[in-house]
Amino acid sequence: MNPHRRITGQPRWLGRSPLLAVAALALIGCQAPPQRDIAQAAVPPPAAPSPIAFDDAVLKAAHELLGRAQLPPAGGQRQALLIDPLVDGVTGSQSIATRSMEQKIVDLVRREYPQLEVQSFSTGNLAGQPLVLVGTFTPINNSAGQPTGERDAFRICLALADLKTGKVIAKGVARARPDGVKTTPLPFDADSPAWTRDAAIDGYIRTCQGSKAGDPINPVYGARIMAAALISDAGNAYNGRRYQESLELYRRALNTAGGDQLRAHNGAYLAAWKLKRRDEATQAFARLVDYGLANRQVALKFLFRPGSTQFIPDAQISAPYPLWLNQIARRSAQNRACLEIVGHTSRSGPEPINQRLSVLRAQAIKDRLDSAEPLLVKRTVASGVGSRENLVGTGSDDAGDALDRRVEFRVIDC
């Protein structure tokens, strides 16, 4: 080796001194890697946080959140705190777990933070421009820190937004072990037939997951928060089986600025169906389909028999399927839409079988649509992705991951 040859990336003084160059090479090795590789090798990636028990994780995130917020001193006038119901960070759904988290946070605030007064999440209370707490609870792969692959932990994210300043003022995070966590959706989310990316839900999730203290509140979330309060009340009424009240609230929400949201369309259909108002339910589902087509994507939760392309025979679940299929076919034909019908499965079972089954189920749905509207025969294609695009990813094969077994209708170019 020629010690006088300058090493790429070395300091200029080293290139001018053969003795220093030889000494340096003796220390770092003659086949020294580029400087950036040395830095990467010297600084290993940080280890993933160790998940802790669910209850402990909720309290850890809440203490971190409230401890970092500049709250008024105890003994003075209390500041209003509203909790916009916590959601799954991917699907936007509410579950027994998210409801449990809210209650634990409320109990903590009442016990240890007398500066705050927890109030109901309502349009009247929002008018006072209070603090609003938002949060997500997301199944993730703990090593990767992402909602992909095997989900072996839950990531808790809490954010505190000040409506007076329009900014996020504090964050709190933690990771929980999945042991004993009840992710069963609440009745409204379990019954909701359709799912698609929704700007309002994305705005909520971004306010929590895509922000840091000092950032502005996501503008979409801020603009639609009043409608969100109505939708929250409507969902509570539905979960409490007060279907007439729920229907009236969903109607109000749909006629409110920012109320054109997937949750409101799902709710208007569900409440009318529960009230056995079939004509109104049909019209509401047609509007739901139009909403999905306008967003170029809508997924429906058809439940099939295990390993089959036949729907499950439980009338409580599959009775409305003919209505869904008829409206998908009719509205797609009237809008002259071309669709890719995509089958999905949960991650349980061998993936080659899941892949094949997802294609067969998509083809079965295509055949039904083609039969209802012959114009769609050349405007639809069937495909399947197995479990590669799971949203929940827990592999529980129950109500908790029903969305992973969806059939998706994607608007494509004709």
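Side chains of D397 and S346: a donor on one and an acceptor on the other come within 3.5 Å. Side-chain polar atoms of Y250 and N266 form no donor-acceptor pair below 3.5 angstrom. Under the 3.5 Å distance criterion, with hydrogens and angles disregarded, a donor-acceptor pair is assigned to the side chains of D191 and Y238. Remark: the E373 side chain and the S332 side chain contain no N/O donor-acceptor pair separated by less than 3.5 Å. Counting only N and O atoms by type, the side chains of S387 and E351 include a donor and acceptor under 3.5 Å apart. Side-chain atoms of R151 and N141 include no donor-acceptor pair closer than 3.5 Å. A side-chain donor-acceptor contact under 3.5 Å links H265 and D260. Under the 3.5 Å distance criterion, with hydrogens and angles disregarded, a donor-acceptor pair is assigned to the side chains of Y221 and D84.
Both the sub-6.0 Å distance and the 45° axial angle are not jointly satisfied by R278 relative to the ring of F285.
In this pair, H63 and Y113 present their aromatic rings tilted. The plane angle is within the 30 to 60° band. Below 30°, between 30° and 60°, or above 60°: for F304 and F311 the angle between ring planes is between 30° and 60°, a tilted geometry.
Taking the six-membered ring wherever Trp is involved, the centroid distance between the rings of F302 and W324 falls below 6.0 Å. In this structure, F54 has its ring center no closer than 6.0 Å to that of F154.
The neighbour count for K164 NZ, taken as heavy atoms of other residues, nucleotides or ligands under 6.0 Å away, is above 12. Enclosure of atom CZ in R368 by more than 12 non-hydrogen atoms of other residues, nucleotides or ligands within 6.0 angstrom is indicated. More than 12 heavy atoms of other residues, nucleotides or ligands shown are found within 6.0 angstrom of CZ on R277. Summarising the local packing, CG of D279 is surrounded by 12 or fewer heavy atoms from other residues, nucleotides or ligands at distances under 6.0 Å.
T91 contributes atom OG1, which lies 8.5 Å from atom CD1 of I201 (distance to the nearest 0.5 angstrom). To the nearest 0.5 Å, atom CG of residue D107 and atom CD of residue E102 are 11.5 Å apart. Expressed to the nearest 0.5 Å, how far CG of D233 lies from OG1 of T123 amounts to 7.5 Å.
Here the side chains of I217 and D162 are not in contact, with every heavy-atom distance at 4.5 Å or above.
Shown are R347, R405, R410; of these, the salt bridge (Lys or Arg N to Asp or Glu O under 4.0 Å) with E389 is made only by R410. When the options Q244, R251, R252 are evaluated for a side-chain hydrogen bond (donor to acceptor under 3.5 Å, both in side chains) with E248, the one that passes is Q244.
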